[in-house]
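Order of the sequence lines sets the chain letters (A, B, ...), proteins ahead of strands, with each chain counted from 1.
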Amino acid sequence: MIKITELKKIYRSEELETTALNDLSFEVKKGEFVAVMGPSGCGKSTLLNILGLLDDLDGGSFLFNGTEVAKFNDYKRSDLRTENIGFVFQSFNLIDELTVFENVELPLIYTKLKEKERKKRVDEVLERMQLMHRRNHFPQQLSGGQQQRVAVARAVVNEPKLILADEPTGNLDSVNGNEVMQLMTDLNAQGTTIIMVTHSEHDAKYSHRIIRMLDGQVVTENILA
Amino acid sequence: MIKHYIKIALRNLRKNMFYTLISLIGLVISMGACVILMNYVDFESHYDDFHKDSDKIYRAESYFTLNGAVADSWATSSFGYAGAMKAEFSEVKAITRVNFNDNERIVRYQDKIYREPMVVIADSNFFSFFSFPLLKGDPQKVLLEPNTIAISASAAKKYFGDADPMGKVLDITTRKTVYHCAVSGVFEDFPPQSHLKLDMIISYASTSPFQRDSWYTHSAYTYVKADSEADARMIEKKFPALAEKFKTADAMRDKSWEIHMVPLADIHLNPLKPMEYEVKGSKQNIRFIFVFAFIILIVGWVNFINIMTSKSIERAGEIGVRKLVGSKMKHMMIQFFIESFIINFLAVSIFLILMVIALPFLTHLYYSPMFNQFWQRPLVWGLLVLIFMLSTFITGAVPILILRKVKIAVVLKNRMSFRVGMGKGLRHGLIIFQFTAAIVLIVSTVTIRRQMDFMQGKDLGVDVAQTLVFKTPAKTDGYEEKLEMITEKMKTIGGVKSVTRSSAVPGEMVSFFIANQRDNDPEKVSVLTEMYRVDYDFIDAYQLKIVKGRNFSKSFGADKDNSLILTQSAMKLFGFKNEEEAVGGFINLEGQGNKKYEVIGVLKDYHHLSLKENFRPVVLLMFSPWNALDFQYVSVKVQGANAKAIAGMLETEYKSVFPDSSFDSFFLDEFFDRQYKEDVTYGVIIMIFTWLTIFIVCLGILGIASLMLLRRTKEIAIRKISGAKPWQILKLINMEFIRWVGLAIVIGTPLSWWIMNNWLENFPYRIEVEWWIFVIAGLLTILVTGITVSFQTVKSALENPVKSLRNE
Ligand SMILES: Nc1ncnc2c1ncn2[C@@H]1O[C@H](COP(=O)(O)OP(=O)(O)OP(=O)(O)O)[C@@H](O)[C@H]1O
Ligand SMILES: [Mg+2]
């Protein structure tokens, strides 16, 4: 599904250049659950942003389902992203002004789906995440775990083939964290490919494969399952 | 999706109530002010355009030059111009006259007697030349027959009630003539946007031949239709040669008689000329108000944009998330335009509702024709729609421009890290613009106000206070004797200091010009002076100062028909070197051959007209050359506060001697001050809208200060924990604003100095723009800003710092 070769990313500011990714290569197959680990600042989030088509790359090749997307413009990237990728972040990134339902509905707003169909899909997902009773609450009225479940619901509502998660349990206690990890596992079992950045060996154990990074490069890969 | 955005927009507006209100109030005021001011500008600049062919109509205004220099310039022309021009110039397509000779007449129908201010004589084609609608009568025929008259609808109502006025005969009297005219037409009252405002129009056939084709007295307006501007210029060019053939007045011979063809559309806003009767507008004032209308609109928008920009920082996170899940530029545009559509729609609605409520009060409180038919004026609606669209566009586009650059990856990492894309420089520039506008407006308001006070308070050199003036009666037998008798009788009423008759009073154009010469002047230069007929008591009653010579006196029998008193300006015009030379000198009056009139005294110059005019060259005399100088006014100087009661007694006396005339009186100081009406109105408009602008600017400061505090909550908390006192926090935030005010002062001072000096140049007698006005404007701005900012800051300066840190 994803094949990157010699990926390069350099952050430039007036005074200095930071090489965040340095000739990084790996492959992720359809249906895999991959964890990315490594010390702070090694380039995990940068990698995820590039995989999620949120950021440009400065060199190398990026094949997404066999298509070279390295040179895609904003507009094409946006299309590809909304059709294929869902995101989950450490800070849940919900919109405070929208209710739980509206937050989850948001990705569908930008598609051609009819209102009725949207409602059905959102309610299905909310049901699955056990959030139906919180449907009309605003994010501030929920616990951290619940907020992250809303974020996951939003990520999956338009049935993406790939989910990118950047420390999804980073802001959660262990009970809530496990709950979210269970959700991930279920999604993966239903066929969704998942790439997850984490600092927690415990969380990493839910995955099939762990990619360990250091200074913008892959150092080792352990296959778990 | 639209539904989603409308819902979100409303929720957003409600959640940010404080900012919504500030932006909304600012928008309502600035939009409303702009519409009202522009309506005023539009009203003033579209006079007379309701006539068919209005762009082809010109008024021939007379213009005399002597050796190339302008000797005089009047709005009027002489009676004979029209006939000769029509006969000799092929460029003249049509021509019509309105003759203002004795335009104030006493009109009587049975027991109804009124003095009508605007009774004129017009050519029979008047109603086909212009487009004033006739309610009764045929436009081609109304003014054809001698002794017929067309009257306005309100005059018809006044004299005849509901009865049919057609064919009824009105007695129309001046001091010397009586007409009996049958009503042959009724016209709709002339619209407010007409420079001509006539009550009654007598047919030209009713008058004497002298009023029809003489080239002498200039007291008619001549209107010409020409096909093009070029034709009009051609007529101007040909005219002096034509005048050479016809001009008759021996004394005006040495001058070249020219005309200016003034486009109908320009008449209202051109500067006041002698022989104009309407309340003039002012091109410069209109231009200033036009600019002002824009400034206040822009101030409102800037206010909105500033708040929006600051708010955008908070919305960057939301936009980032939306982009992440698939929102594109298109969606962002829809979202923000819906939001700005809603807020602008609200603003327009609130303005309309306020106007519906306020208009009756406004019209009542302060009558201005611009509020008249406010809702019927297409400009009001057109402008509202235009401003609404522009405003929606601008207030929608700004956040889009700012947030367009939002990088999803960056905002999602740290929501507050989004730095406003649109340069800080621009935002600060806008704030400085607001302050500059405030300073310029404050300086303008103060200066205009001071100039008005100056003009109305300055010693005129003539005493217009405590003076009751009434107009002399209509023609009767033994007119002069009766008038003299009643004057003497009134002097005996208690509280009356003095009574005096004259052909004009201060505050009114003397409007009787003749060309006189100094006796024994070898070059025979004729000098246009204003002739002013008075009696023995005039100079004392009005406290005019004789600098040399003496007053008219009964002990000199010749004074009654042989002596003149000059003002210093007239003296200089005649070429007398000084008062010594003038007194005892002789002058030949126009049309009186070589008869010598002796100068017996010289008056210190006084302001016969408002301070907008220079001193006039005036000649005082006691007789009436060719019976042209009638006494038109009797001035009664009173003592004490019971002027009203005295007026009552005067009326009783008057009615007992002149039962067939109306008694019309006024207080001279009020009469005099009406000359400032246009400028006072202008000053009031500028003042009201200045305060509104400052109010909007305050709202803006309030909004920006509170957002600034929001962004710096953490910084303030940390400063306080490190020992900063509340007043130091206040100072910190205030200094930021004071810096901007400082810059605004630097820009605003020279700017407003320049603008105000320009404005003051219109006034021959004017104040200086003094330095302390700028100091006041600066201090006031600083003060208002300080109060506004502190009002916002005090709360967070006093708050427990731990609380705000915990909220982080
Ligand atoms: N926007 C940016 N501008 C400049 N440098 C950046 C930027 N974002 C990241 N970096 C730098 O790139 C490197 C990789 O950053 P990245 O955020 O990918 O690390 P990370 O592995 O996700 O760390 P963490 O585990 O702390 O989240 C770091 O050295 C970081 O300082
Ligand atoms: Mg990271």
Side-chain angles (χ1 to χ4, degrees), chain A residues 9 11 20 45-56 74-99 101-115 118 138-140 151 154-158 160 164 166-167, chain B residues 1-17 19-20 311-336 338-339 342 399-400 403-419 710 807-808:
Chain A
K9 177 70 188 177
Y11 288 112
S45 298
T46 306
L47 172 65
L48 222 56
N49 285 343
I50 287 177
L51 293 180
L53 299 158
L54 296 176
D55 214 344
D56 298 312
D74 258 4
Y75 203 84
K76 275 170 125 179
R77 272 199 229 157
S78 169
D79 276 346
L80 198 66
R81 183 171 67 232
T82 27
E83 274 166 38
N84 296 296
I85 308 173
F87 292 85
V88 181
F89 299 90
Q90 175 180 355
S91 54
F92 324 117
N93 277 323
L94 299 174
I95 297 180
D96 293 339
E97 287 78 18
L98 302 184
T99 61
F101 179 89
E102 286 160 351
N103 263 294
V104 176
E105 187 193 19
L106 206 55
L108 302 180
I109 291 275
Y110 301 108
T111 66
K112 292 198 171 63
L113 280 181
K114 290 261 160 351
E115 193 180 337
R118 292 205 302 259
F138 287 92
Q140 246 86 63
R154 185 181 65 195
V156 302
V157 72
N158 57 351
L164 300 174
D166 195 345
E167 300 183 40
Chain B
M1 182 155 60
I2 304 283
K3 217 172 98 190
H4 168 84
Y5 281 130
I6 291 176
K7 197 167 62 184
I8 300 311
L10 290 176
R11 214 179 280 163
N12 251 323
L13 293 177
R14 210 173 326 128
K15 187 179 152 211
N16 297 309
M17 204 49 159
Y19 301 102
T20 306
K311 275 310 271 183
S312 296
I313 296 163
E314 283 177 37
R315 297 195 66 174
E318 176 199 333
I319 296 307
V321 173
R322 283 182 186 276
K323 273 189 164 179
L324 177 77
V325 300
S327 158
K328 301 216 177 69
M329 189 62 182
K330 166 178 91 182
H331 302 115
M332 202 158 121
M333 281 166 74
I334 295 174
Q335 175 177 7
F336 282 103
I338 285 178
E339 276 185 27
I342 291 176
I400 295 175
L403 295 171
R404 180 181 48 139
K405 291 265 167 60
V406 164
K407 275 252 187 275
I408 308 173
V410 178
V411 262
L412 294 189
K413 190 162 130 194
N414 176 3
R415 282 197 178 200
M416 286 310 242
S417 79
F418 175 69
R419 285 280 154 255
L710 209 67
N807 285 344
E808 265 293 291

- [ ] Compare all side-chain heavy atoms of B/Leu13 with those of B/Glu339 and state whether any distance is below 4.5 angstrom.
- [x]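 Sidechains of B/Glu339 and B/Leu13: no contact.
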Open item on the list: In the structure I gave you, are the side-chain heavy atoms of A/Val157 and A/Glu105 within less than 4.5 Å of one another anywhere?
Closed with: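 When only atoms from C-beta onward are counted, A/Glu105 and A/Val157 do not touch, as no gap falls below 4.5 Å.
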Heavy-atom distance under 4.5 Å to chain B: side chain of [X], backbone, both or neither?
X: A/Glu83; value: neither
X: A/Leu98; value: both
X: A/Glu115; value: side chain

Open item on the list: Please identify, among A/Thr111, A/Leu106, A/Leu48, A/Asp166, the residue contributing the most non-hydrogen atom pairs under 4.5 Å to chain B.
Closed with: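 Most heavy-atom pairs under 4.5 Å with chain B: A/Leu106.
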TODO: Let me know if B/Leu324 has heavy atoms under 4.5 Å from chain A in its side chain, its backbone, both or neither.
DONE: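 Interface part for B/Leu324: both.
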- [ ] Side chain from CB out, backbone as N, CA, C, O: work out which of these in B/Lys330 comes under 4.5 Å of a heavy atom of chain A, or both, or neither.
- [x]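 Answer is neither: B/Lys330 stays 4.5 Å or more from chain A.
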Task: salt_bridge(A/Asp79, B/Lys328) N-O dist < 4.0 Å - done: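 Salt bridge: yes.
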Task: Basic-acidic side-chain contact under 4.0 Å: A/Arg77, A/Asp56 - done: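 So A/Arg77 pairs with A/Asp56 through a salt bridge.
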Task: A/Asp55/A/Tyr11 under side-chain contact (heavy atoms from CB on, under 4.5 Å): CA gap, chis, key distance, verdict - done: CA-CA 11 Å; A/Asp55 214 344; A/Tyr11 288 112; 4.0 Å; yes
